[in-house]
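Report on one structure; see the data block that follows.
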Protein chains: 2
Amino acid sequence: MLRLSKRVEYGLVALQHLAKRGDVATVREISDENNISYDLLAKIMQDLKRDGMIYSSQGVRGGYALMLAPNQIPVTRVVDALEDQSTITECTSDHESCTREGACTIQGPMHRLQEQVERVLNSVTIAQLL
Amino acid sequence: MLRLSKRVEYGLVALQHLAKRGDVATVREISDENNISYDLLAKIMQDLKRDGMIYSSQGVRGGYALMLAPNQIPVTRVVDALEDQSTITECTSDHESCTREGACTIQGPMHRLQEQVERVLNSVTIAQLL
DNA sequence: CCCATATCGGACTCTTTCAGTCCTACATAG
DNA sequence: CTATGTAGGACTGAAAGAGTCCGATATGGG
């Protein structure tokens, strides 16, 4: 449906929050201030950390903070970190294969479309969300 | 998940088929040649007709054909005709409202993103699929 | 040393959406 | 009047999405 998942939406909000803060912030703080489910956001933060764009410190006074400058984090990266499938169609994916066996007659054009969409998502970074 | 639905994918294939043919084609013909479920494609064609980009004639020797030149049918139009939600997020939609009550802190930037994605989808037409 | 405060991460449920099927009605050329 | 088409409602099954629950682990401060 050509829609970003809630996971990505929440991820972007959280990263924006961290960027504005410039310091460590807890999941609780972010989820409260933005009306996001705590448990759900907790998972998302873990995924973002796994990607390496943020780091975490556990225990009292712990939380998450950015590892990179906001303008170094394009939306594409957030999407890739939080969604399994990030391609416009099956046939523009590497690890998937086109269901309609044989000649997919739109594969070429779809690849070009895919590239352009990626270019757009790449041109916007967390810095643009501030 | 930022993916076009099968409905749109099949719709594009069907329109490409009609464009290449330049004449009336039946659902059966299109579905057979492209490995698409007949029943499913039949519904899609009805939706495309309702939009006005193709016309139909019933009965023997009937079928579907383009109403517009291929370069007059942008992908956007196909998406709009075949998908309920065609926006990147809830908050960039007109008839939906942001679930997270109160201040959605990314609404502005998301609108700008939405515009750019639409521009891309608008720049590609059925003519480019040939 | 403890305990409150954090992240970590598996498992699970509920709801919605998507893809696809089935069946009946209607139109029309030959 | 019948073959061959589209028109369209209702339904099913599978998959993805969003959100919940619970226990484990780490850690700074009293």
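Numbered from 1 within each chain, the chains take letters A, B, ... in sequence-line order.
Contacts of residues 8-23 of chain A with DNA chain D (heavy atom under 4.0 Å): Y10(A).
As rounded to whole Å, 7 Å separates atom C1' of dG5(D) from atom CD of Q58(B). One can place CG of L2(B) at 18 Å from P of dT17(C), the figure rounded to the nearest angstrom. The interatomic distance linking D47(B) (CG) with dG8(D) (P) rounds to 9 Å, in whole Å.
Annotation: side chain of R7(A) is not in contact with side chain of E83(A) (no heavy-atom distance under 4.5 Å). Contact check for R21(A) versus E29(A): side-chain heavy atoms found under the 4.5 Å cut-off. S56(A) is not listed as a side-chain neighbour of Q46(A), based on a closest heavy-atom distance of 4.5 Å or more. I36(B) places none of its side-chain heavy atoms less than 4.5 Å from the side chain of I44(B).
For dG8(D), one of the phosphate oxygens OP1 or OP2 lies less than 4.0 angstrom from a side-chain nitrogen or oxygen of R50(B). Put simply, S56(A) has no side-chain N or O that comes within less than 4.0 Å of OP1 or OP2 on dA6(C).
You'll find that the side chain of T26(B) is closest to dT6(D), out of dT6(D), dT21(C), dA18(D).
Nearer to the 5' terminus of DNA chain C, by closest-nucleotide assignment, is the contact made by Y38(A) (compared with the other of S57(B) and Y38(A)). When each of G59(B) and V60(A) is assigned the nucleotide of DNA chain C with its nearest heavy atom, V60(A) is the one assigned upstream, toward the 5' end.
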**Prompt:** Which is it for E9(A) and T89(B) under the side-chain hydrogen bond (donor to acceptor under 3.5 Å, both in side chains) test, yes or no, and what are the steps along the way?
**Reply:** CA-CA 8 Å; E9(A) 189 181 324; T89(B) 54; 5.5 Å; no
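If you run side-chain contact (heavy atoms from CB on, under 4.5 Å) between I73(A) and each of L66(A), I54(A), L48(A), only L66(A) comes through.
One finds no salt bridge joining E90(B) and R3(A) here, because no Lys/Arg side-chain nitrogen approaches an Asp/Glu carboxylate oxygen to under 4.0 Å.
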Which pairs would a plain distance check flag for residues 105-115 of chain B, meaning a side-chain donor or acceptor within less than 3.5 Å of a matching protein atom at least two apart in sequence or in another chain?
{"residue": "T105(B)", "atom": "OG1", "partner": "Q16(A)", "partner atom": "OE1", "Å": "2.6"}
{"residue": "H111(B)", "atom": "ND1", "partner": "Q107(B)", "partner atom": "O", "Å": "3.3"}
{"residue": "Q114(B)", "atom": "OE1", "partner": "I88(B)", "partner atom": "N", "Å": "2.8"}
{"residue": "Q114(B)", "atom": "OE1", "partner": "T92(B)", "partner atom": "OG1", "Å": "3.1"}
{"residue": "Q114(B)", "atom": "NE2", "partner": "E118(B)", "partner atom": "OE2", "Å": "2.8"}

Secondary structure of DNA chain C per the Watson-Crick/G-U criterion (both distances under 3.5 Å; [ ] crossing, | other strand, . unpaired) is |||||||||||||||||||||||||||.||
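Counting atom types as modelled, K43(A) pairs a side-chain N or O with a base atom of dT20(D) as donor and acceptor under 3.5 Å.
Side-chain contact of T125(B) with N71(B): a donor-acceptor pair under 3.5 Å is absent, judged by distance alone.
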